[in-house]
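Quick notes on the structure that follows.
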Amino acid sequence: MNTIIGNDINKAADLLAQGKLVAIPTETVYGLAANALNAEAVLSIFAAKQRPQFNPLIVHCHSWQAALQYVSDVPLIAHNLASQFTPGPLTFLLPKKNMIPDVVTAGSHLVAIRVPKHPMAINLLSQLSFPLAAPSANEFGYVSPTTAAHVMDSLGTKIPYILDGGPADIGLESTIIGFDQNEDIVVYRVGGITIEAIEKFIGKPILWATKNSKPQTSGQLLSHYAPKTNLIIGNINELHALNIGQKLGLISLSNSYENLNFEKRFLLSPSGNLTEAAQNLFSSLRQIDKYALDLILVEALPNIGIGRAINDRLHRSQSIFKNQQ
Ligand code: TXA
Ligand code: MG
């Protein structure tokens with residue numbers, strides 16, 4: 001298939017209405033979208049990504065109001081959070097209504113709902129009479145795409161159209177939350193909305209999903225977001241000393257470790273800004289993966305704000321986890 005990159009929202013809408021796949025920009029990462037109410041179209045997402053069908057998809061809606069048609073028993077706290085954080089990078093796990101096909105949720109009674117903030121995504125969604133199921137537009141397990149060119153690299157020939165909305169603003173996937181029996185918030189994946197921002201809004205500490213929490217989410221799979229080159233996180237001076245003689249790459253926040261020998265260096269934010277580091281993370285991982293290095297050494301970032309989500313993705317891209325999916 002000849003994959004076209006363009007910015008024609010009407011063309012994207014037409015293809016989606018025909019049950020075809022379109023890659024769409026969002027403020028977090030690019031998504032691989034299909035009509036969420038059309039089970040056959042949704043199945044073709046799994047085929048294009050080679051994604052296992054036990055791994056459910058996020059449903060994107062053009063407003064919180066529009067999203068409410070597809071869910072029931074929405075706790076008050078969810079409405080409150082939505083008024084504060086949507087449109088934006090926060091995904092809500094909520095009881096689904098029957099019109100959402102089981103293939104979208106991998107059989108779960110909960111559906112993941114998100115209202116994206118990217119103007120092109122909102123414009124597209126407002127033209128459609130259905131919501132869009134969309135996982136990140138990469139082959140399963142690989143690094144998420146933050147530009148149309150990344151999508152082309154990963155899925156070119158498999159989809160007819162990539163809607164180009166420029167580089168993603170945030171650069172990391174949405175934060176995923178659910179609610180327990182007491183209507184307390186449970187975090188399933190850290191992401192674009194920081195834990196600090198949610199805790200400040202609700203005025204108490206947040207709960208964390210554990211290995212035994214229901215539901216399980218693939219954001220919790222250990223190996224994910226992984227480049228093909230082996231990667232390890234830690235203290236750069238120590239890791240370098242342990243790996244002398246190898247072709248090494250470096251990913252760090254702002255220190256270029258000029259005294260050490262690296263074939264390739266990527267600084268995520270020369271000024272040490274974590275928001276900028278998040279924007280650059282996935283594209284740095286994709287670029288450094290092209291140099292046939294033996295090993296990528298990555299500096300652990302401060303575990304605060306968006307740094308927590310960056311560290312989460314970096315940990316899950318470490319090669320030692322590759323066989324533990
Ligand atoms: O920012 C984002 O969330 C991006 C953009 C495109 O919106 N999407 C994204 O989708 O990251 P994906 O499929 O790569 O990750 C979605 C995560 C997966 O870990 C999946 O298991 C979880 O959401 N998820 C989706 N539906 C779920 C459900 N019903 N129950 C539990 N987890 C669910
Ligand atoms: Mg993904």
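In this structure, a donor-acceptor pair under 3.5 Å is absent between the side chains of D164 and N7. N138 and S154 share no donor-acceptor pair across their side chains, judged by distance under 3.5 Å alone. For the 3.5 Å distance criterion, the side chains of S136 and E173 fail to qualify, holding no donor opposite an acceptor. Judged by distance alone, the side chains of S63 and Q65 never bring a donor and an acceptor atom under 3.5 Å apart. A donor atom on one side chain and an acceptor atom on the other are found under 3.5 Å apart for S174 and T91. Side-chain atoms of Y161 and D14 form no donor-acceptor pair, as typed in the model, at a separation below 3.5 Å.
Checked by atom type and distance alone, the side chain of T26 pairs as donor or acceptor with a backbone atom of T28 at under 3.5 Å.
Taking the centre of each ring, F140 and F46 stay at or above the 6.0 Å mark. Here F92 and W64 bring their ring centres to under 6.0 angstrom of each other.
Between K158 and E139 there is no salt bridge, since none of the side-chain N atoms of the basic residue sits less than 4.0 Å from a carboxylate O of the acidic one.
The aromatic rings of H240 and F262 sit perpendicular to each other, their planes meeting at more than 60°, with 30° as the lower class boundary.
With F179 as the fixed residue, the side chain to side chain contact (heavy atoms under 4.5 Å, CB included) test singles out one of I77, V74, V186: I77.
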